[in-house]
Amino acid sequence: MLMPKRVKFRKHHRGRMTGVATRGQNLNLGEYGLKALECCWMTARQIEAARVAISRGIKTGAKLWLRIFPDKCVTKKPAETRMGKGKGAPDHWVAVIKPGRVLFELGGIDEEFARELMGLAADKLPIKTKFITRQR
């Protein structure tokens, strides 16, 4: 599963999820992509599930790029714990997704097959997405 090798601080602030993506809005590596239309915290498990869904269908010559990485730590307190006593222990890792962010890119295959694979990945994700192609 994806997670940083090391981090400067163990626990992160929650932050804001408002606004649109300022970076990662265009296709850079492949010809086809999957773009987010909503904001969310996408967990490392969700990213991995989508990656596996695409990878299973890819044939020789095709390439997949992940454009997101879960670098934000989410903490959780144990069940049935009283209030106070500090912030909980790190539980899992998430990527902060804002509308307009390109999540995955594909190259080396035809458009209808890429659309089908991205559809499989989109079913694994908790947000609405859109299939995009490179402008020629």
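Owing to the predicted nature of the structure, the values given are computational and were not obtained by experimental measurement.
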Checklist outcome for this item: Between Arg67 and Gly24 the two heavy atoms that sit nearest each other are NH2-CA, 3.5 Å
Checklist entry - Are Trp93 and Val74 side-chain neighbours, meaning at least one heavy-atom pair lies under 4.5 Å? => result no
Next on the checklist: Please check if the number of heavy atoms outside Lys124 that lie under 6.0 Å from its NZ is greater than 12.
Outcome noted: no
Checklist entry - After noting the C-alpha distance and the side-chain angles of Ile54 and Met118, does the key distance pass the side chain to side chain contact (heavy atoms under 4.5 Å, CB included) rule? => result CA-CA 7 Å; Ile54 295 172; Met118 289 296 192; 4.0 Å; yes
Checklist entry - Does the pair Glu48/Arg45 count as a salt bridge with the N-to-O cut at 4.0 Å? => result no
Next on the checklist: Suppose clustering is done on Ile, Leu, Val, Met, Phe, Trp and Tyr with side-chain heavy atoms closer than 4.5 Å. Which residues sit in the same group as Trp65?
Outcome noted: Leu29
Next on the checklist: If hydrophobic clusters are built from ILVMFWY residues whose side chains come within less than 4.5 Å, do Leu66 and Leu27 share one?
Outcome noted: no
Item to check | More than 12 heavy atoms of other groups within 6.0 Å of Lys128 NZ | outcome: no
Next on the checklist: With heavy-atom distances below 4.5 Å as the criterion, would you say the side chains of Lys35 and Phe104 are in contact?
Outcome noted: no
Next on the checklist: For a 4.5 angstrom cut-off between non-hydrogen side-chain atoms, does Pro70 reach Met42?
Outcome noted: no
Checklist outcome for this item: Checking Val94, Leu2, Ile97 against Ile68 for side-chain contact (heavy atoms from CB on, under 4.5 Å), the one that qualifies is Ile97
Checklist entry - Is Phe113 reachable from Leu120 through a run of hydrophobic residues whose side-chain heavy atoms are each under 4.5 Å from the next? => result yes
Next on the checklist: Quick check: is Met3 connected to Val7 through a chain of hydrophobic side chains (ILVMFWY, heavy atoms under 4.5 Å apart)?
Outcome noted: yes
Next on the checklist: Parallel, tilted or perpendicular: which one describes the rings of Tyr32 and Phe131, with boundaries at 30° and 60°?
Outcome noted: parallel
Checklist entry - Under the salt bridge (Lys or Arg N to Asp or Glu O under 4.0 Å) test, which residues partner Glu38, sequence neighbours left out? => result none
Item to check | Steps toward side chain to side chain contact (heavy atoms under 4.5 Å, CB included) verdict (Glu31, Leu106) | outcome: CA-CA 6 Å; Glu31 295 124 45; Leu106 267 174; over 6 Å; no
Checklist entry - Checking side chain to side chain contact (heavy atoms under 4.5 Å, CB included) for the pair Lys98/Val20: CA distance, chi angles, key distance, verdict? => result CA-CA 5 Å; Lys98 293 187 176 183; Val20 295; 5.7 Å; no
Next on the checklist: Check for me, please, whether Leu117 and Leu103 land in the same ILVMFWY cluster - side-chain distances under 4.5 Å, paths through other members count.
Outcome noted: yes
Next on the checklist: Run Leu34 and Leu125 through side chain to side chain contact (heavy atoms under 4.5 Å, CB included) and show every step you take.
Outcome noted: CA-CA 11 Å; Leu34 195 65; Leu125 301 177; 4.0 Å; yes
Checklist entry - In terms of heavy-atom contacts, does NZ of Lys85 have more than 12 from other residues, nucleotides or ligands at under 6.0 Å? => result no
Checklist entry - Do you reckon Phe69 sits in the same ILVMFWY cluster as Leu64, going by side-chain contacts under 4.5 Å, direct or chained? => result yes
